A.B. asks: 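My questions will all concern the structure given below.
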Amino acid sequence: MNNIPYKTYLTEDEMPKAWYNLRADMINKPAPLLNPGTLKPMTAEELAPVFCDELVKQELDDTTAYFDIPDEVFNFYKMYRPAPLVRAYCLEEKLKTPAKIFYKFEGNNTSGSHKLNSAIAQAYYAKKQGLKGVTTETGAGQWGTALSMACSYMDLDCKVYMVKVSYEQKPFRREVMRTYGASVTPSPSMSTEVGKKILEAHPGTTGSLGCAISEAVEVATTTEGYRYVLGSVLNQVLLHQSIIGLETEAALNKYGIKPDIVIGCAGGGSNLGGLIAPFMRDKIKGIHDARIIAVEPSSCPSLTRGKYAYDFCDTGMVCPLAKMYTLGSNYIPAPNHAGGLRYHGMSSTLSQLYDDGLMEAVSVPQTKVFEAAEMFARIEGILPAPESSHAIKVAIDEALKCKETGEEKTIVFGLTGTGYFDMYAYEAFHDKTMEDYIPTDAEIAASLASLPNV
Ligand SMILES: *Cc1c(COP(=O)(O)O)cnc(C)c1O
């Protein structure tokens, strides 16, 4: 096992040709989306005004295990995939651990994260349906950036509602989006009914993801030839992100390795859902029992401290209800944190797996995350995104446990992206002004009190 190269790339022929739908193999299926008016499961007809037809099919399909990757999407993937599976020899040596550490690096594209894997699929299906464009929200900007790249490739219009505080504080990602032709509006805005309402109720608000979702959905459903697309949480996004796990599995198979521990950061759950898909399949089928660990920030602990219940996906309450581990749709996490992990809920698939005891979850405070990030940058060279660094932190912790016990476990973690646009966070860490905000039980209980009665 020590002959393994530092980086393993699949050849084009070895790259997966189909996405894997873990739901097909789950014994307890994730709970369906509900219509907030009737409380009945959303039908394809009800979802059609919001989402592209082909994506609605993928969203509602709990039985088809494999979906062919369309040629156009595969060709786009070839521009930045396969992503390397890296054996973290330098980190192992530094930690003096007998553990074998691997990471799957998804930051090798201009958008800087795994989000492009689903953005290109969603843009493709929108184009195929003959649509003019798509709308979406973005927080820190990773998803908006990925989607604007995908839309420009597919020649689609792209309207992004960007959380106002990020719009103002992260001008560089905004300009990357505009470079790829997207229009970027700070949210809440006066250009939508829901935005006007939110601004009336909370003048001077700097916005939230839930609020930007409401605006993007309103524009999609009221503009001819437009649909809404979402970068995480949904089943369809986990499906597209399975490319991460399938490539990882194929690379490990070259050496006959099955991982003992698989670790990923969890915001809405898409990279983790994608990374673990084949390993969770093996676990469910009794083929190989890996430990699977979701890592979330202490400031937004939906799995570790939230409630498994139906909740709104957005603040404006225009979206369907999803059953998930949630902190309540009004939950506003501390403002200074890793943008991509600040969503109040968790994908319904991961929520069900967690509730079934098939997955573990831990939460970590951000100064510890940045200690791990800086250590990783110095040892392995890559400057990691704050989100990804949550997984690094727990991978290091597990490797250090192996050092104590002498176990040669194989640890695989997802390195979802790079952190070049997050240097204010690094600055706060270096200047020691970064705080570890951990919500009190009372704060979480207050937010959970607004859960809908289902
Ligand atoms: C968005 C993002 C995440 C979190 O999103 P998931 O849907 O939970 O995967 C993690 N890492 C990076 C770099 C991101 O941009």
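Whatever order the structure lists ligands and atoms in, that order sets their numbers, starting from 1. Here the structure is a predicted model, which means the values were calculated and not measured.
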A.B. asks: Kindly state each residue pair satisfying side-chain hydrogen bond (donor to acceptor under 3.5 Å, both in side chains) with at least one member in residues 17-28, sequence neighbours excluded.
C.D. replies: W19-Y77, Y20-D25, N21-R23, R23-D62, N28-D356
A.B. asks: Could you tell me, for ligand 1, which of its N or O atoms are under 3.5 Å from any protein N or O, listing the pairs and their distances rounded to 0.1 Å?
C.D. replies:
{"from": "ligand 1", "atom 1": "7 (O)", "to": "S232", "atom 2": "OG", "distance (Å)": "2.4"}
{"from": "ligand 1", "atom 1": "7 (O)", "to": "S270", "atom 2": "N", "distance (Å)": "2.9"}
{"from": "ligand 1", "atom 1": "7 (O)", "to": "S270", "atom 2": "OG", "distance (Å)": "2.7"}
{"from": "ligand 1", "atom 1": "8 (O)", "to": "G267", "atom 2": "N", "distance (Å)": "2.7"}
{"from": "ligand 1", "atom 1": "8 (O)", "to": "G268", "atom 2": "N", "distance (Å)": "3.0"}
{"from": "ligand 1", "atom 1": "8 (O)", "to": "G269", "atom 2": "N", "distance (Å)": "2.8"}
{"from": "ligand 1", "atom 1": "9 (O)", "to": "H114", "atom 2": "NE2", "distance (Å)": "3.2"}
{"from": "ligand 1", "atom 1": "9 (O)", "to": "S270", "atom 2": "OG", "distance (Å)": "3.3"}
{"from": "ligand 1", "atom 1": "9 (O)", "to": "N271", "atom 2": "N", "distance (Å)": "2.8"}
{"from": "ligand 1", "atom 1": "9 (O)", "to": "N271", "atom 2": "ND2", "distance (Å)": "2.7"}
{"from": "ligand 1", "atom 1": "11 (N)", "to": "T416", "atom 2": "OG1", "distance (Å)": "2.7"}
{"from": "ligand 1", "atom 1": "15 (O)", "to": "K115", "atom 2": "NZ", "distance (Å)": "2.5"}
{"from": "ligand 1", "atom 1": "15 (O)", "to": "Q142", "atom 2": "NE2", "distance (Å)": "3.3"}

A.B. asks: Check ring-ring contact (aromatic ring centres under 6.0 Å, His included) between Y161 and all other residues, then give those that pass, not counting sequence neighbours.
C.D. replies: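 Y161 satisfies ring-ring contact (aromatic ring centres under 6.0 Å, His included) with no other residue.
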A.B. asks: Side-chain contact test, heavy atoms from C-beta onward, threshold under 4.5 Å: evaluate it for L321 versus P452 and give yes or no.
C.D. replies: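 Yes, close enough: below the 4.5 Å cut-off.
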A.B. asks: Establish, from distance only, whether the side-chain atoms of R81 and N108 form a donor-acceptor pair under 3.5 Å.
C.D. replies: no
A.B. asks: Can you list the residues that meet the ring-ring contact (aromatic ring centres under 6.0 Å, His included) rule with Y343, with sequence neighbours excluded?
C.D. replies: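 For Y343, no residue satisfies ring-ring contact (aromatic ring centres under 6.0 Å, His included) once neighbours in sequence are set aside.
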A.B. asks: Among Y308, Y310, Y331, exactly one meets ring pair (Phe, Tyr, Trp, His ring centres under 6.0 Å) together with Y325. Which residue is that?
C.D. replies: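 Answer after filtering Y308, Y310, Y331: Y308.
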